[in-house]
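What follows is a short report on a single structure.
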Amino acid sequence: MRTIDDLEVSGKRVFVRADLNVPLDGDRITDDGRIRASVPTIDALRRRGARVVVAAHLGRPKGAPDPAYSLRPVAARLGELLGTEVGFATDTAGESARATSAALADGEVAVVENLRFEPGETSKDDAERGEFADRLAQLADFYVGDGFGAVHRKHASVFDLPHRLPHAVGGLVLAEVEVLRTLTGDPARPYAVVLGGSKVSDKLGVIDNLLGTADRLLIGGGMVFTFLKARGYEVGSSLLEADQLDTVREYLDRAEKQGVEIVLPVDVVAAESFSADAPHGPADADAIPADRMGLDIGPKSRELFAAKLSDARTVFWNGPMGVFEMEPYSHGTRALAQALLDSGAFTVVGGGDSAAAVRALGFDESAFGHISTGGGASLEYLEGKTLPGIEALDD
Ligand code: 3PG
Ligand code: MG
C-alpha cells in the first residue's frame, strides 16, 4: 500500500476520506475524538502544500440534505484543532464543492457537506455509487483513505472513489490496522476480550471468530442477558434477543469444548425502569426480579471481571458494560476501564461508544495501548472479513 509520503502532493488537490462521525447534542460536539484523530494526516498533507478536500459522513441521513446532520460544526472544530481557517462547501459534490475545491490555495483545507446527503454514497447499486464517485473524483487529483471507522462500508467514497484516483492510505488507518494485526496474529497470552453493548446480533461474527483466538471472553452490557437466559436464568424485563438464544447456546457449548473461558456477570444493577431516577439495586444474575431490568453489571461482577483481567497480557474491549450515560449505571464501565489499566496488559479499546465512554468517564486516553476510532470496523477486522475501504487501497 502506498502511504501519503509516496504522493507528490504539493500544489495538488487531495481528497481525504475521514471519519468525522462524532456525537452531537444539537450543534454541540459532545466528543471530538474522531476529529482529533483525523488531524495528523490532514495537517501533514497541508504542510506539504497540498490543497486538502476533506469528506466524511455524519449520522445516517436518508440520502438527502438534512440540516440536523450538517458537517458545518465539525468543520469549525477541525479549523480550531488545525489552527487555521477551514472552508466549507454547502453541498457534497455539486457546484459549491467544485467551487470550494477549485479555490483552495496550497496548504489550505476545506470540508464538503455530509457524504450521506447523496443517495449514491450508500447505494447497493454499483452503477449509482459509481456515478457519485465519478462526481467526487472531479474534486481532486489524489485520494487518501483515512476514515478507519467507515472502512467496513462498501460506500462510494470508501470503496469506489479510490478506484478512480491515484490513492494512498492515511496514517490513522495504517496505525489502526497495525494494532489489529497484532490481535489477529500473535497476541501475548492470556488474551482476554471484553464485549458489551446492547445487541448480541451485532457481535455474532466476532464471537464466532474469537472462540478460535481468545483465551477468555468476558461479557457485559445489554447483550449479556441473552447469555444469562441461555444459561437458564430468568432475566426479568432486561433486554433480550430471544431469536439468538440457540446461537448463544451453541457458542457456550463450543467455548467449553475449545477451552475458552466465558465469564458472565454474577450480579447486575437491576432497575424498575430505564431511567436514572428509577429505584434500583444489585441483584444476583440468576435471580433478577421479574419486574426489574439489568442496566449495568453489579459490584461482585466488577471485582470478578477485574480479577479475570489481572493476569491478561492482551485485552481487547468493545462495548460499555452498562448504560454509562446514566450515573447509577456507569460504575461497571468505569471499573472495567480501570481494570484494563491496572492489568498492565497491552490494551485496545475498540470503537466509537467504548472510546467515548472512556473519555466521558474522565480517563486519560494515553494510558491505554490503543483507542480505536472504529467500533464496527475493528470488530469486522477481528472477524477476519475483507474490509472494502482497505481492499480498495491495496492495489
Ligand atoms: C461509526 O460511527 O461506527 C462509523 O462512523 C460508521 O458509521 P455507520 O455505522 O453509520 O456506517
Ligand atoms: Mg457504528
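Order of listing sets the numbers, starting from 1, for every ligand and every atom in it.
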Exercise for the section: Taking only heavy atoms of Arg153 into account, list the atoms of ligand 1 that are under 4.0 Å away from them. Expected result: 8 (P), 9 (O), 11 (O)

Problem - Matching residue for Val315 among Leu340, Val193, Leu183, Leu218 - test: side-chain contact (heavy atoms from CB on, under 4.5 Å) - result: Leu340

Problem - Selected option - heavy-atom contact closest to atom 4 (C) of ligand 1, from Gly375, Gly376, Gly149 - result: Gly149

Problem - Residues Arg249 and Asp253 bridged, charged N to O under 4.0 Å - result: no

Handout entry: Separation between CG of Leu180 and CZ of Phe316, rounded to the nearest 0.5 Å
Key = 7.0 Å

Exercise for the section: Run the salt-bridge test on Asp91 and Arg98 with the 4.0 Å N-O cut-off and return the result as yes or no. Expected result: no

Exercise for the section: Under 4.0 Å from a heavy atom of Asp19: give me the atoms of ligand 1 that qualify, with their elements. Expected result: 4 (C), 5 (O)

Completion exercise
A student comparing Arg34, Arg60, His152, His155 should find that the heavy atom closest to atom 3 (O) of ligand 1 comes from Arg34

Exercise for the section: Tell me, yes or no, whether the heavy-atom count around Arg359 atom CZ, taken from other residues, nucleotides or ligands under 6.0 Å, exceeds 12. Expected result: yes

Practice task
Answer yes if the side chains of Ser201 and Glu241 hold a donor-acceptor pair under 3.5 Å, and no otherwise.
Solution key: yes

Problem - Proximal atoms of ligand 1 relative to Asn21 (non-hydrogen, under 4.0 Å) - result: 1 (C), 2 (O), 4 (C), 5 (O), 7 (O)

Exercise for the section: Using a strict cut-off of 4.0 Å, indicate which atoms of ligand 1 neighbour a heavy atom of His57. Expected result: 4 (C), 5 (O), 6 (C), 7 (O)

Completion exercise
The atoms of ligand 1 lying under 4.0 Å from a heavy atom of Arg116, numbered in the order shown, are 7 (O), 8 (P), 10 (O), 11 (O)

